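Counting starts at 1 for both ligands and their atoms, in listed order. Every value quoted in this text rests on a predicted model; they were computed, and no experiment measured them.
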Amino acid sequence: MKLFSTLSLGLALTALVGCTGKPNVTASYQVIPLPQEIAVDSVAEGFVFNDGTAIVCTSDDASMQKNAELLSGYLAQITGITPAVKADGDKHAIILSDNLEAENPDAYTISVNSDRILIDGASAAGAFYGMQTIRKAIAAADSLAQGPVYFPAATIADAPRFAYRGTHFDTARHFFDPDSVKILIDMLAMHNINRFHWHITDDQGWRLEIKSHPELAEIGSKRSGTMIGHRFSTNDSIPYGGYYTQDQVRDIVQYAADRHITIIPEIDLPGHMLAVLAAYPQLGCTGGPYEVWRKWGVSEDVLCAGNDSIYTLLDDIMGEVTELFPSEYIHIGGDECPKDRWKKCPKCQARIRQLGLKTDSHSTAEQKLQTHVMTHVSDYLAQHGRKVIGWDEILEGGAPDGSVIMSWRGIEGAREAAKSGHDAIMTPCQYLYFDFRQSDDPAEPLAATWGNVIIPESIYSFDPIPSDLTDEEAKHIIGVQANLWTEYVPTFRHAEYMLVPRLAALAEVQWSSAPRDFEAFKTRLPGITRLYDMNDYNYSKHVSFED
Ligand code: TNX
């Protein structure tokens with residue numbers, strides 16, 4: 001039996017390679033995101049990847065070594081051939097290098113001849129994006145048979161348009177176990193995305209272990225039930241919970257770093273904090289009682305800005321957050337913080353008087369009080385060498401110096417930020433909210449109802465740089481991000497469906513500087529959906545209304 005299967009495998013491989021020795025599978029460099037420059041030499045001999053091919057990584061840099069290991073795994077998955085990783089040799093090899101001289105650290109070149117494929121990055125991250133292109137070139141081949149692959153002779157030169165290429169994922173409304181978070185990270189890596197904005201706390205659950213305040217996770221991660229579907233008057237009354245231990249977080253941060261992804265944690269404040277108030281009712285304006293929220297929406301109960309204890313709690317939390325997450329940026333939320341309680345709260349009003357905050361034509365005194373809270377946290381983080389990102393509401397009372405604005409209520413926040421000298425990240429809900437539905441079909445899985453239909457074509461049509469910005473102002477738009485809120489996404493299979501293939505359209509908006517051509521994009525899509533199939537991703541089939 002064993003002999004028979006070895007024999008038939010041998011025969012199958014001979015059939016695949018053909019009598020000329022050239023494999024029947026020919027890679028295509030028409031991948032997503034499309035590289036900037038691809039020059040295929042149809043006369044010269046290309047490279048045959050087969051079981052004699054090695055990966056050569058001369059650098060002993062840990063992240064280059066990790067790259068080599070990952071590349072071997074990617075190739076094994078698609079071809080069934082696992083190339084060995086070696087420290088030298090240049091014949092019949094895929095050579096991984098990080099010696100490219102380029103201003104953009106994410107730049108890479110690939111050159112393919114009959115001897116070798118050379119992937120050269122301007123950094124280990126650049127080399128990683130070159131690896132992704134090679135991997136996707138196989139998935140985009142004319143045939144998907146496992147075995148050897150022919151790579152046409154070519155040179156490719158590539159670099160991304162935006163330095164910040166993000167995706168946000170909400171693990172507060174629903175909890176997703178660490179293995180699912182790692183699948184997400186692999187999905188992002190496949191799309192050359194380099195920032196994972198981890199929304200880890202909200203009214204419906206605090207999901208991060210904080211050693212100095214164990215009640216946050218012990219009490220704040222558990223709710224006694226969840227509203228059913230979109231019906232606010234209902235509740236399933238099924239206890240729900242989950243949080244990430246610090247060990248799990250460290251492991252996930254490393255997993256992401258190995259894939260050149262920085263995790264930006266978000267501690268959403270001073271609103272979206274009911275889970276904290278459930279643990280510490282004395283920190284709310286009314287004193288409670290509060291419960292971890294059992295429904296979605298915007299709560300009027302927020303941190304009491306007149307209470308000194310919130311500032312020490314936030315310092316303690318941020319102290320642990322900065323130890324866990326090496327990211328230069330920490331997201332401090334700032335969205336949807338109703339001022340109803342503060343207007344009536346004697347402590348908040350006393351704080352407003354003490355700080356001399358006055359309503360003027362731009363902001364109310366309460367909006368300025370929010371700025372006071374945000375600035376406190378921003379200053380604390382600055383002392384720890386970090387910068388902050390906030391949702392566009394933080395412009396209302398005046399954004400803390402040096403803060404980055406994440407524009408979600410359209411592009412206005414980013415425009416205002418850029419004009420006033422703040423960096424901004426584009427994540428307008430009309431184009432980039434992946435919790436919005438993908439069709440009006442009643443059979444469509446549950447999605448947020450307040451937004452429009454978003455299909456890859458809608459995402460693809462989004463231009464992140466508003467046309468009225470000057471070149472100087474445009475430099476403040478540092479990146480583009482999609483957000484997946486999970487009120488209506490209870491399982492990771494469902495999350496996958498919301499993410500792909502919309503991430504493919506996002507990837508090209510983030511990466512490519514070339515004029516957009518959606519029809520051409522559609523012809524490249526099957527290449528990446530084959531990778532989705534191989535990874536068993538649950539992807540949606542809505543490419544456009546017509547399809
Ligand atoms: C608005 S976007 C929110 C989130 C919700 C989302 C649902 C933002 C900063 N706040 O709290 O989950 O809408 O689509």
Side-chain angles (χ1 to χ4, degrees), residues 166-176 195 197-207 223 226-227 229-230 232 264-276 292-303 329-339 367 370 373-374 388-397 399 403-414 416-417 424-438 444-454 458-459 480-490 494-495 497-499 502 506:
T167 295
H168 147 296
F169 187 48
D170 168 9
T171 62
R173 272 53 179 271
H174 282 102
F175 175 72
F176 301 88
R195 299 286 185 276
H197 168 173
W198 192 354
H199 189 80
I200 199 166
T201 70
D202 214 305
D203 293 312
Q204 297 81 5
W206 179 278
R207 313 229 176 268
R223 61 177 182 254
T226 305
M227 63 181 266
H230 291 113
F232 280 84
I264 299 174
E266 178 187 356
I267 305 296
D268 199 351
L269 64 101
H272 288 282
M273 277 265 163
L274 264 180
V276 174
V292 182
W293 229 11
R294 292 151 49 96
K295 61 179 182 182
W296 319 127
V298 178
S299 165
E300 286 183 354
D301 286 307
V302 302
L303 290 183
Y329 288 104
I330 306 291
H331 201 305
I332 59 171
D335 60 313
E336 298 176 328
C337 178
K339 307 295 185 291
Q367 285 171 332
Q370 177 169 343
V373 180
M374 306 313 277
V388 300
I389 303 178
W391 298 108
D392 56 43
E393 284 94 331
I394 68 169
L395 289 162
E396 288 167 356
S403 55
V404 176
I405 308 303
M406 195 167 262
S407 193
W408 71 278
R409 298 174 299 177
I411 62 168
E412 273 319 305
E416 187 184 333
I425 295 158
M426 282 288 188
T427 178
C429 55
Q430 300 87 335
Y431 295 97
L432 296 174
Y433 266 36
F434 286 7
D435 57 331
F436 291 3
R437 66 200 187 282
Q438 298 176 74
E444 189 66 28
L446 220 53
T449 44
W450 68 277
N452 45 287
V453 167
I454 296 182
S458 348
I459 300 158
V480 184
Q481 173 174 297
N483 297 338
L484 180 51
W485 301 99
T486 59
E487 288 95 330
Y488 302 105
V489 182
H494 189 161
Y497 178 87
M498 305 307 265
L499 287 162
R502 293 195 280 197
L506 172 72

Exercise. Will you find, in the side chains of S299 and W293, an N or O donor that is under 3.5 Å from an N or O acceptor?
Worked result: no
Exercise. Is the closest basic N to carboxylate O distance between E487 and R173 below 4.0 Å?
Worked result: yes
Exercise. Between W296 and H174, is the ring centre distance below 6.0 Å?
Worked result: yes
For this session: For salt bridge (Lys or Arg N to Asp or Glu O under 4.0 Å), just list the numbers for R409 and E396, CA-CA rounded to whole Å, side-chain angles, deciding distance to a tenth of an Å, and then say yes or no.
Result: CA-CA 13 Å; R409 298 174 299 177; E396 288 167 356; 3.3 Å; yes
For this session: Please find out if less than 6.0 Å separates the ring center of F436 from that of W450.
Result: yes
Exercise. Which atoms of ligand 1 sit under 4.0 Å from any heavy atom of D435?
Worked result: 7 (C), 14 (O)
Exercise. Does any N/O atom on D335 come nearer than 3.5 Å to any N/O atom on ligand 1?
Worked result: yes
Problem set entry | Short N or O distance, W408 and ligand 1, threshold 3.5 Å exclusive | no
For this session: Could you tell me which atoms of ligand 1, counted from 1 in the order shown, lie closer than 4.0 angstrom to a heavy atom of H272?
Result: 11 (O)
Exercise. What is the closest protein heavy atom to atom 3 (C) of ligand 1, and at what distance does it sit?
Worked result: E336 OE1, 3.4 Å
Exercise. Counting N and O atoms only, with roles assigned by atom type, does the side chain of H168 sit under 3.5 Å from a partner on the main chain of L484, one being a donor and the other an acceptor?
Worked result: yes
Seminar exercise, completed: The protein heavy atom nearest to atom 11 (O) of ligand 1 is R173 NH2, 3.0 Å
Exercise. Can you tell me which residue and heavy atom of the protein come closest to atom 2 (S) of ligand 1, and the distance to 0.1 Å?
Worked result: Y433 OH, 2.5 Å
For this session: Note the single closest protein heavy atom to atom 5 (C) of ligand 1, along with its residue, its atom name and the distance in Å.
Result: E487 OE2, 3.3 Å
For this session: May I ask you to check whether H197 and W391 place their ring centers less than 6.0 Å from one another?
Result: yes
Seminar exercise, completed: Any heavy atom of W450 under 4.0 Å from ligand 1? The part involved is side chain
